[in-house]
> 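Below is a structure I'd like to ask you about.
The figures here come from the full heavy-atom set of this structure, side chains too, leaving out hydrogens, waters and symmetry mates.
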Amino acid sequence: MVSLETTPPLIVSYPVQALSSFLSVSTIIALTVFFALLCACVIIGHLLEENRWANESITALLLGLCAGAVVLLVTKGHSSRLLTFSEDLFFLYLLPPIIFNAGFQVKKKQFFKNFTIILLFGIVGTVISFCLISLGASVLFKRIGVTALDFQDYLAIGAILSATDSVCTLQVLSQDETPFLYSVVFGEGVVNDATSIVLFNAVQSMNFNEINASIAWKLLGTFLYLFFSSTALGIVVGLLSAYIIKTLYFGRHSTDREVALMMLMAYLSYMLAELLSLSGILTIFFCGIVMSHYTWHNVTESSRVTTKHAFATISFMAETFIFLYVGMDALDVDKWKSSNASAGTSVAVSSTLFAFVLIGRAAFVFPLANIVNCARKRDNDKIELRQQFTMWWAGLMRGAVTIALSYNQFAESDDTSTQDSALMITSTIIVVVFSTVVFGSITKPLIGALLLRHAKPLVSDATDIPSLEDLRLLFIEDNGEPGDQSGSQPAVRKRSSLSLLISHPTTTVHYFWRKFDDKFMRPVFGGRGFVPFVPGSPTGATDE
């Protein structure tokens, strides 16, 4: 989003002399309009807080459409764009605060409790969707009339359409009413976005001139390298920030410095990942998780309040700005003219893409959910069909990541494929607008009809079985004499770590992690219990 492409006739009469020589009138007007729209989104979003059919993402998108229509009328159909889209600016300035805040604010107990399902859906599911969409596009697009795309473009389409819109999805889910769905859809959405971008980068880095059987293994190897390297980098930078702030304790002199250091090191993790050709989105997400677990507890009380609300506010403004622009960009007449496609072709391509989204998500949500059910012994832990359907439905929305990846792949194409590339961008915009408005407005009433009317009594995490305390009793930690126990007790209490890992993998891993964290990590990197605790502070409300 840089400067205005063309100066509308409406603003020619503005006194250019009144502005500094280095400021553009068109840029000032464009930014003024966007900030006014942002204010309108905040106000309207507040008024529609209790509305079951609308949310802030839909509000921003519709306001963007209205603003684009007004600009289109003012310029007499020449352009609807105030700012030109730049995927570099999107990935460098707008996406990082959103993803970092997602990791920083995540409820870690619920997130890691369902971590297996989240990884299964976010990685394996995304790969399944990626393969089906790529294969379907390569088979059907040529029959529709899209012939200028190559094999790499089809793989890119699979990665582009596999990216769900977790921002819009979470606005229609309640953490209090549907904690399991909130945790799984939230975690899957973030991991899904990271996986889609990693797949997209892997596709762009591969050489497909000579396609052979080993190309799939190379793609998998590249994906695994980017995924785990990016995660490790985020953890390292997060731990480094915690160690520096704990050791130097900036708050003795200035809370501004420790707040600034947290923000700068979070952004530094993202830039380092991009510099090393890794996934910045995955790096900054795990950096946010580590910072919330260690670094946040090492700063002063005022800094905790400041950072918690500052990160959320910056993320909110970036999200709203993105949806505003997506709505305005949907009426980009230049891109529609460049596609040179008939209404029938455009509808056919958009419908085909959306059908791929529906099928691709259904192909992994229901099978993987039933695989998880087979591995769970207790009926209360199984994912019901109503929940599976809601998870499928809530993940159908596509958003700004999809738009940005589409521009990255198709905005700069050669002359032979310009029309088809422009058609892919416009079709992607149609899918994003349609899925956000239609599915976003129906999801909340759907959840109320399917889940809340048949909701079971909520069970607190503290009463989950097996709890950490129950698990301790299964290990050899009784410190009692064998002779004091009945004949059956030692057999129950002397279960091996391997058997417990197989029977209760998530709880067992959490148990060992808490022991390791308390004994080795917290003394070095700080965290809860290693700084003065003020009753009633945000620390007490943070979910570990």
Side-chain angles (χ1 to χ4, degrees), residues 95-119 121-123 166-167 170 175 179 182-195 197-198 226-246 261-273 278-299 303-304 307-308 310-312 314-315 461 506 509-510 512-514 516-518 520-522 524-530 538-539 541-544:
L95 189 61
I98 297 175
I99 301 302
F100 174 77
N101 184 67
F104 192 79
Q105 304 284 357
V106 66
K107 299 298 182 182
K108 295 183 286 297
K109 182 183 292 185
Q110 275 286 346
F111 180 80
F112 287 105
K113 175 184 175 182
N114 300 309
F115 194 61
T116 304
I117 304 176
I118 290 171
L119 287 184
F121 279 37
I123 298 179
S166 57
V167 174
L170 293 179
Q175 187 164 353
Y182 184 95
S183 172
V184 172
V185 175
F186 171 85
E188 183 224 338
V190 175
V191 176
N192 168 280
D193 283 349
T195 304
I197 294 175
V198 169
L226 291 175
F227 192 91
F228 290 106
S229 300
S230 304
T231 301
L233 179 61
I235 294 174
V236 168
V237 175
L239 291 176
L240 181 62
S241 70
Y243 181 78
I244 292 174
I245 290 181
K246 176 179 179 291
L261 188 63
M262 285 185 68
M263 291 183 174
L264 291 173
M265 292 201 70
Y267 193 73
L268 178 64
S269 69
Y270 187 89
M271 297 309 300
L272 284 175
L278 301 176
S279 172
I281 185 174
L282 203 60
T283 297
I284 200 170
F285 175 70
F286 278 96
C287 181
I289 291 179
V290 172
M291 279 192 172
S292 69
H293 189 68
Y294 295 110
T295 314
W296 191 72
H297 296 280
N298 296 340
V299 299
S303 295
R304 293 174 197 165
T307 53
K308 188 173 184 178
F311 293 150
I314 296 172
S315 173
D461 290 335
T506 304
V509 171
H510 186 209
F512 281 116
W513 161 248
R514 289 298 295 268
F516 176 79
D517 190 33
D518 292 338
F520 298 103
M521 299 296 289
R522 291 183 189 269
V524 177
F525 299 104
R528 179 182 291 178
F530 289 92
T539 311
T542 302
D543 187 1
E544 294 292 339

> Over all heavy atoms of both residues, which pair between Tyr294 and Gly526 is shortest? Give the atoms and the distance, please.
CD2-O, 3.2 Å
> Donor-acceptor pair, Thr283 side chain versus Tyr270 backbone, under 3.5 Å?
no
> Using modelled atom types only, decide if a donor and an acceptor are shared between the side chain of Ser229 and the backbone of Leu226 within a distance under 3.5 Å.
no
> Measuring from Phe286:CZ to Ser230:OG, what's the distance to the nearest 0.5 Å?
10.0 Å
> To the nearest 0.5 Å, what is the distance between NE2 on His293 and CG on Leu239?
9.5 Å
> Please check: side-chain N/O of Asn298 versus main-chain N/O of Tyr243, any donor-acceptor pairing under 3.5 Å?
no
> For the CH2 atom of Trp296 and the NZ atom of Lys308, what is their distance to the nearest 0.5 Å?
5.0 Å
> As an exercise, state the distance from CG of Leu264 to CE of Met271, rounded to the nearest 0.5 Å.
12.5 Å
> Given side chain to side chain contact (heavy atoms under 4.5 Å, CB included), test Ile123 with Val191 step by step and report yes or no.
CA-CA 7 Å; Ile123 298 179; Val191 176; 3.9 Å; yes
> Quick one, Met291 and Met265 - any side-chain contact, counting heavy atoms below 4.5 Å?
yes
> Could you walk me through whether Asn192 and Phe121 satisfy the side chain to side chain contact (heavy atoms under 4.5 Å, CB included) test, starting with their C-alpha distance in whole Å, then the side-chain angles of each, then the deciding distance to 0.1 Å, before giving a yes or no?
CA-CA 8 Å; Asn192 168 280; Phe121 279 37; over 6 Å; no
> First locate atom CG of Asn114, then atom CG of Leu119, and finally report the distance between them rounded to the nearest 0.5 Å.
11.0 Å
> Calculate, to the nearest 0.5 Å, the distance between atoms CD1 and CZ belonging to Ile99 and Phe285 respectively.
8.0 Å
> According to the interplanar angle, ranging from 0 to 90°, do the rings of Phe104 and Phe311 count as parallel (below 30°), tilted (30 to 60°) or perpendicular (above 60°)?
perpendicular
> Looking at side-chain heavy atoms only, is the closest gap between Ile197 and Leu95 below 4.5 Å?
yes
